[in-house]
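Indexing begins at 1, ligand by ligand and atom by atom, following the structure's order. Residues: numbered from 1 along the sequence shown.
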Amino acid sequence: MTETAKDRLQQKNPPDARAGGLETPIQFCPGVGPQRARLFEKLNVQTVRDLFWHLPRAYEDYHHISPIRGLDVGKTVTVIGVVTAVEGRLPRGRGKVRHILNAQVKDATGYLSVVWFNQPYLQKQIKVGQRLLLHGKVDYFGPILQMSSPRHQEISAGDDQSDSPGVVPIYPLCEGLTQAVVCKVIRKALERFSGDCREFLPEALLKTNGFPARTEAFRILHNPQPGEGAPTQEAASLPEGAGSLEDAEASSAGLQCGDARLIWEKARKRLVFEEFFLHQLILRQYNGIRKQTPGVAHPKPDPDPWTPSKETLDLSNPRTWPAQFVRSLPFQLTQDQIQVCREIELDMQRPAPMSRLLQGDVGSGKTVVSLYAMIVAVSGGAQAALMAPTEILAQQHANTIRKLTQSLPGLNAAVLRGGAKAKERRLNQDLIRTGAAQIVIGTHALFQGQVEFKNLGLVVVDEQHKFGVNQRQQLIEKGIHPDLLAATATPIPRTLSLTLFGDMECSVIKSLPPGRPPVITRWTTWGKEKKVWEFVDGLIAQGQQVYVVCPIIEPSETAPHLPSTEAAFERLSQTFFPHRRVAVLHGRHSAEMKEDFMMRMQAGQIDVVVATTVIEVGVDLPNATVMVVLGAERFGLAQLHQLRGRIGRGTQKSYCVLITHPNIAPYAVKRMRVMEKTNDGFLIADEDLRLRGAGEQFGTRQSGHINFRLADPLRDGQLLREANQAASQLYRADPRLKNPEHQTMKQELKLTFHRMEAFRPS
Ligand code: ADP
Ligand code: MG
């Protein structure tokens, strides 16, 4: 979350226990306090409501406790035993292992050796005499049977079998918060605040759908009982080839009421439905306002840029700028790009406010189309704003715009930078207010605070999936009704986008610019790392630039095998690339550093960039042709595709290497295979949907378009349609939600609106 968004939230939610109910700040939850509250905030959990919505990313089934004697080698098992010895030590030499903790546990049948690597803090937790539940894989270490880096949980004395905690939720964590703590805090909060979690969906609706009440739905997802059918990771490993979406739907349709699997599924569906339903209501209210407002009718460019002509243009007349812009491009626009430019141009000429989605796979050339639309707006005397999801991207767009509009005299672009000094900011604000800057580029800060436009006629939103409908409403609330063009690389079917975005029109760029060789993608595991770097070094020697992507910034104590930019930078710059120029880039760097970084990268002064997913969207550096993704199993298909979209943007051969832990879940394996097989974003989206339909519910970031917490428009299309209808009905009956029965819903709507608006760059 950005500083401003956070500030706003904090103003609305001052830490005050009196706020009460689900709005109670997390700090006042049993077992939290100010210090832990700060940790929870890192997980975007600020209130009890957020805590309820902090849902498990997976479940593990600890139901079956195995006796230690006769454990199956190579299998993941759960055992319960008493610790008989424990010893921590530092290994000799300077390998990847920095700390080893050995323990021995015993049950009625035998002894088991347990080892944890690089988790020195465990030494304080694990003590002789404790009874532990351990869940992990057993293998031979020399002649000894050993369990390595298992999950563990202390349990009280009693009979081993009946002690099993059953199905255990696995929560998303951050540094400093353990599973045990998060689990306990959530359970306590559920007990204490369940009564405040009021139902707002109409009862008839719950009945026809067989949805559980709200509190019950949260309870089931957080704390599923053995018979309720939560999908545990073991159960989720379907056999190869099984489970297309149709299969999944057919089989769940065939289930009887009361079937275990159905209880959990209904609870999930209820919460998904709730999210869609609220979003649909917001959309209707927004559209209600929009329909009543006249927009800008931009004049037609003159001469028509699409009719071939050699006539010299009078550039002192801005109306000629669209034609000049197209003529002066360093490349030929593709047929698709031309087609889409024309659609947009025609739509802009109409008096109703445009509301259009610009869809095209990564690298398909959406920027130049957006830019054309902006020039059209400017040529008619209006201002155009371009909103990017990150500072890096805003800066890059500014550079592109300057480059591609050099031949247009009197065209001025202003960049609103997050890190700008007060003087620069004031200067820019003046330029925008007086209209001296016709084009304005920035992040979402564009529409906050002091910025006042003279005559804003078009807003382009790049990477629409990072942008909510609510920001559009912010604009309208400022009394401005510009045309809207939203560019996105996420392919969504038209029917879905209609439901999801209301009445947005859609323009699609179907093909990539010519001459792009497909990116060659290979998946490998840690053991082969050295070979990968040798290969990469050969490419650097030929003058290529390399991205190395890591899932996190600092090494994590709770997930010690997860690659971090910090560790990777150290290792790469010291061990593998001491002779190369290696740099780090992540979201915590200042705007200046990011800017400086982009310049050095563009100038070819960096060979290897170790980065987080800050580079995920939009970054366009055609000379970067190699990407190595570390911990690739942590990313979803949509995200991997977006990441890979950073390379293969020129005509050179490009390579993407996905490196994972050797031991990854079956679905993660499938994701890697899909990435190896195809570069086609639409195919990948299909596969993504298929895998998720087959039961991969968790663990990967969803390709969301809106800040939903649980709902996924692609996977839950049917629920979206139903929610759409239900919301329609309700909106017709009570558009302003004045009915006393709808007051809880109204309240909920306000809070949801506020949350969806909160913008979260990585
Ligand atoms: P995206 O659709 O992912 O936003 P970009 O707009 O960043 O893609 O374009 C990717 C790259 O393709 C850029 O370097 C851009 O200059 C180039 N490009 C765009 N259109 C064409 C074209 N018609 N011919 C050749 N290169 C193009
Ligand atoms: Mg782009």
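By the 4.5 Å heavy-atom criterion applied to side chains, Thr524 and Val657 are counted as neighbours. You'll find the side chain of Arg671 stays beyond 4.5 Å of the side chain of Asp688, heavy atoms only.
The distance from the CD atom of Gln359 to the SG atom of Cys506 is 4.5 Å, given to the nearest 0.5 Å. In this structure, CG in Leu416 is found 5.5 Å from CG in Leu446, a value given to the nearest 0.5 Å.
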Leu357 and Glu505: CA distance, side-chain angles, deciding distance, side-chain contact (heavy atoms from CB on, under 4.5 Å) verdict: CA-CA 6 Å; Leu357 211 55; Glu505 305 288 331; over 6 Å; no

Verify side-chain contact (heavy atoms from CB on, under 4.5 Å) between Ile432 and Lys454, making sure each step is shown before the conclusion. CA-CA 7 Å; Ile432 299 167; Lys454 178 170 182 240; over 6 Å; no

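Only the side chain of Pro513 comes within contact range of ligand 1, with a heavy atom under 4.0 Å; no backbone atom does. Proximity of Leu333 to ligand 1, defined as any heavy-atom pair under 4.0 Å, is confined to the backbone N, CA, C and O atoms.
At the top of the distance list for atom 16 (O) of ligand 1, counting protein heavy atoms only, stands Phe331 CE2, 3.5 Å. Distance from atom 10 (C) of ligand 1 to its nearest protein heavy atom, with residue and atom name: Arg649 NH1, 3.2 Å. For atom 20 (N) of ligand 1, the closest heavy atom belonging to the protein is Gln337 NE2, 3.0 Å.
Numbered from 1 in the order shown, with element, the atoms of ligand 1 that lie under 4.0 Å from a heavy atom of Ser364 read 2 (O), 8 (O). Remark: ligand 1 atoms within the under-4.0 Å shell around heavy atoms of Gln332 are 22 (C), 23 (N), 24 (N). Of all the atoms in ligand 1, the ones that sit under 4.0 Å from a non-hydrogen atom of Val362 are 3 (O). Close contacts between ligand 1 and Thr334 involve ligand atoms 23 (N) [criterion: under 4.0 Å to a heavy atom]. For ligand 1, the atoms closer than 4.0 angstrom to any heavy atom of Thr367 are 4 (O), 5 (P), 6 (O), 7 (O).
At least one heavy atom of Gly363 sits closer than 4.0 Å to an atom of ligand 1. A heavy-atom separation below 4.0 Å is not found between Ala489 and ligand 1. For Arg516, the heavy-atom gap to ligand 1 drops under 4.0 angstrom.
When the shell of 6.0 Å around CD of Gln335 is examined, it contains 12 or fewer heavy atoms from other residues, nucleotides or ligands.
A salt bridge does not link Glu391 to Arg417: none of the charged side-chain nitrogens sits closer than 4.0 Å to a carboxylate oxygen.
Among Pro330, Ser511, Gly365, Gly681, the residue whose heavy atom lies closest to atom 8 (O) of ligand 1 is Gly365. The option from Val369, Leu404, Asp620 that lies nearest to atom 13 (C) of ligand 1, judged by heavy atoms, is Asp620.
Minimum heavy-atom separation, Gln544 to Leu539: CG-O, 3.0 Å. Nearest heavy atoms, Val340 versus Ser507: CG1-CB, 3.8 Å.
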